[in-house]
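The structure displayed is predicted, hence computed values, not measured ones.
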Amino acid sequence: MKIRNNYNIREIAGVTVLVPSSVAGKADVKTASLNATGLWLLKTLEGKDFTVDDAVDLMCAEYGIDRDMAVNDVNALIGALRQCGFLDE
């Protein structure tokens with residue numbers, strides 16, 4: 001899979017939000033909020049083809065967390081990106 005580059009990163013009231021690049025005239029805009037870890041992973045994976053396992057390995061290496069926790073976090077991020085149309089699979 002690959003993260004599309006059809007979004008802008010905005011900080012709104014202290015929250016990092018992904019907003020679609022072209023939202024003019026749209027009433028049903030989907031956005032995704034990210035914590036610092038999600039933003040790091042998003043930027044690390046930008047422009048690359050990756051699997052869930054690739055993303056999990058990156059999380060475990062960067063943060064020293066166990067694999068189960070990383071799988072949950074990665075699946076949550078992928079789910080949010082998928083729901084907002086920011087992911088090519």
TODO: For a side chain to side chain contact (heavy atoms under 4.5 Å, CB included) with Leu81, tell me which candidate from Leu18, Leu45, Leu34 qualifies.
DONE: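 Result: among Leu18, Leu45, Leu34, Leu18 is the only option passing the side chain to side chain contact (heavy atoms under 4.5 Å, CB included) with Leu81.
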Say you draw a straight line from [atom1] of [X] to [atom2] of [Y]; how long is it, rounded to the nearest 0.5 Å?
X: Asp68; Y: Cys60; atom1: CG; atom2: SG; result: 9.0 Å
X: Met1; Y: Phe50; atom1: CE; atom2: CZ; result: 5.0 Å
X: Asp73; Y: Leu41; atom1: CG; atom2: CG; result: 9.0 Å
X: Asp49; Y: Glu89; atom1: CG; atom2: CD; result: 12.0 Å
X: Leu77; Y: Asn72; atom1: CG; atom2: CG; result: 13.0 Å
X: Ile9; Y: Lys43; atom1: CD1; atom2: NZ; result: 4.5 Å

Open item on the list: Test: side chain to side chain donor-acceptor pair (under 3.5 Å). Region: residues 6-19. Which pairs qualify, not counting sequence neighbours?
Closed with: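 Matches after skipping sequence neighbours: Tyr7-Glu46.
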Do the side chains of [X] and [Y] join up, straight or via other hydrophobic residues, at under 4.5 Å, putting them in one cluster?
X: Leu39; Y: Val19; value: no
X: Leu87; Y: Val56; value: yes
X: Ile78; Y: Tyr63; value: yes
X: Val52; Y: Phe86; value: yes

Task: More than 12 heavy atoms from other groups under 6.0 Å of CG on Asn5 - done: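 Not more than 12 within 6.0 Å, no.
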- [ ] Identify whether the distance between the nearest side-chain nitrogen and carboxylate oxygen of Asp88 and Arg4 falls below 4.0 Å.
- [x]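 Answer for the salt bridge query: yes.
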TODO: Go through Asp53 and Arg67 one step at a time and tell me if the side chain to side chain contact (heavy atoms under 4.5 Å, CB included) criterion holds.
DONE: CA-CA 10 Å; Asp53 284 337; Arg67 193 156 187 86; 3.4 Å; yes
TODO: Give the intermediate values and the outcome of side chain to side chain contact (heavy atoms under 4.5 Å, CB included) for residues Met59 and Thr37.
DONE: CA-CA 9 Å; Met59 291 278 293; Thr37 303; 3.5 Å; yes
